[in-house]
Amino acid sequence: QVQLVESGGGLVQPGGSLTLSCAASGSIFGIKTMAWYRQPPGKQRDLVAGIMSDGRTVYVDSVKGRFTVSRANAENTVLLEMNALEPEDTAVYYCNADIRTARDDARWYDYWGQGTQVTVSS
């Protein structure tokens, strides 16, 4: 069984910073893409940023220049450093990963964390 556990959410004032962390644990043979999604109240869940196993990254336009995604492969961890936060960034942030769970199973499975709340408000 595989678990993704997020941490680091909270309440922050506009212009402030937060860093989210997501750690994958359990039966892990390999991890391909790790990503962060967010779901504002009453809206759909959308991609914020992702990082491939080779380090390539992708960001939604609204966070470019403010957010940085990184990963520590040895620790199966992905971080999301968020700067210059705006009220529009308020959402539940979810960690996502494509994980291969065994050497003799070539399939990649999609896993999600439980989500962490980020609220940007004065």
Side-chain angles (χ1 to χ4, degrees):
Q1 188 71 330
V2 172
Q3 279 191 317
L4 300 183
V5 179
E6 301 109 333
S7 61
L11 173 65
V12 63
Q13 293 187 341
S17 299
L18 280 176
T19 298
L20 305 182
S21 177
C22 171
S25 63
S27 178
I28 298 173
F29 179 76
I31 300 179
K32 198 159 47 178
T33 301
M34 301 188 83
W36 290 95
Y37 287 71
R38 66 185 178 187
Q39 186 168 17
K43 296 185 178 181
Q44 67 181 24
R45 188 180 303 184
D46 289 322
L47 176 69
V48 176
I51 182 166
M52 284 56 126
S53 56
D54 62 3
R56 289 177 294 147
T57 58
V58 60
Y59 296 92
V60 66
D61 285 346
S62 61
V63 307
K64 286 180 180 178
R66 300 189 298 122
F67 290 12
T68 302
V69 63
S70 60
R71 64 191 280 177
N73 290 329
E75 290 80 32
N76 293 331
T77 298
V78 61
L79 303 177
L80 185 66
E81 180 181 351
M82 304 184 294
N83 298 309
L85 282 161
E86 303 167 353
E88 292 73 24
D89 296 316
T90 295
V92 178
Y93 284 71
Y94 295 91
C95 177
N96 174 266
D98 297 320
I99 296 176
R100 181 176 170 181
T101 58
R103 178 185 296 274
D104 58 355
D105 184 353
R107 292 171 292 183
W108 296 88
Y109 297 93
D110 193 42
Y111 288 92
W112 292 88
Q114 81 286 353
T116 186
Q117 177 69 46
V118 172
T119 302
V120 185
S121 175
S122 56

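Here the structure is a predicted model, which means the values were calculated and not measured. Starting from 1, each residue takes its place in the sequence as its number.
- Lys43 pairs by the salt bridge (charged side-chain N to carboxylate O under 4.0 Å, His left out) definition with nothing, not counting sequence neighbours.
- Val2 pairs by the side-chain contact (heavy atoms from CB on, under 4.5 Å) definition with Ile28, Ile99, Thr101, Tyr111, not counting sequence neighbours.
- Residues satisfying the side-chain contact (heavy atoms from CB on, under 4.5 Å) test with Thr119, not counting sequence neighbours, are Leu11, Thr90, Gln117, Ser121.
- Applying the side-chain contact (heavy atoms from CB on, under 4.5 Å) rule to Ala91 yields the partners Arg38, Pro40, Tyr93; only residues at least two apart in sequence or on another chain are considered.
- If you chain together ILVMFWY residues whose side-chain heavy atoms come under 4.5 Å of each other, Met52 ends up in a group of its own.
- Across all their heavy atoms, Val78 and Cys95 have their closest contact at CG1-SG, 3.8 Å.
- Considering CH2 of Trp108 and CZ of Phe29, their distance stands at 8.5 Å, rounded to 0.5 Å.
- Among pairs with a residue in residues 69-82, none fulfils salt bridge (charged side-chain N to carboxylate O under 4.0 Å, His left out), at least two apart in sequence or across chains.
- The side-chain hydrogen bond (donor to acceptor under 3.5 Å, both in side chains) test applied to Glu88 returns no partner, not counting sequence neighbours.
- In this structure, OG1 on Thr68 lies 11.0 Å from CE on Met82, to the nearest 0.5 angstrom.
- Cluster partners of Tyr37 are Leu47, Val58, Val92, Tyr94, Trp112, counting Ile, Leu, Val, Met, Phe, Trp and Tyr whose side-chain heavy atoms approach within less than 4.5 Å, directly or via other members.
- The salt bridge (charged side-chain N to carboxylate O under 4.0 Å, His left out) search around Asp110 returns none, not counting sequence neighbours.
- Summarising the geometry of Val118 relative to Gly9, their closest heavy-atom pair is CG2-CA, 4.2 Å, with the distance given to 0.1 Å.
- Here side chain to side chain donor-acceptor pair (under 3.5 Å) pairs that include residues 14-33, with residues two or more places apart or in two chains, are Ser17-Asn83.
- Residues Ala24 and Ile31 share a closest heavy-atom pair of CB-CD1, 4.1 Å.
- Two different hydrophobic clusters hold Leu4 and Leu79 under the rule that ILVMFWY side chains link at heavy-atom gaps under 4.5 Å.
- A distance of 12.0 Å separates CG of Leu80 from CE of Met34, quoted to the nearest 0.5 Å.
- The salt bridge (charged side-chain N to carboxylate O under 4.0 Å, His left out) search around Arg107 returns Asp105, not counting sequence neighbours.
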**OP:** For Leu85 and Leu18, run side chain to side chain contact (heavy atoms under 4.5 Å, CB included): C-alpha distance rounded to whole Å, both residues' side-chain angles, the deciding distance at 0.1 Å, then the answer.
**Re:** CA-CA 8 Å; Leu85 282 161; Leu18 280 176; 4.2 Å; yes

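- Residues Val60 and Trp36 share a hydrophobic cluster, clusters being chains of Ile/Leu/Val/Met/Phe/Trp/Tyr side chains in contact below 4.5 Å.
- With sequence neighbours excluded, the residues satisfying salt bridge (charged side-chain N to carboxylate O under 4.0 Å, His left out) with Arg66 are Glu86, Asp89.
- Under the 3.5 Å distance criterion, the side-chain polar atoms of Glu6 are left unmatched by any main-chain donor or acceptor of Cys22.
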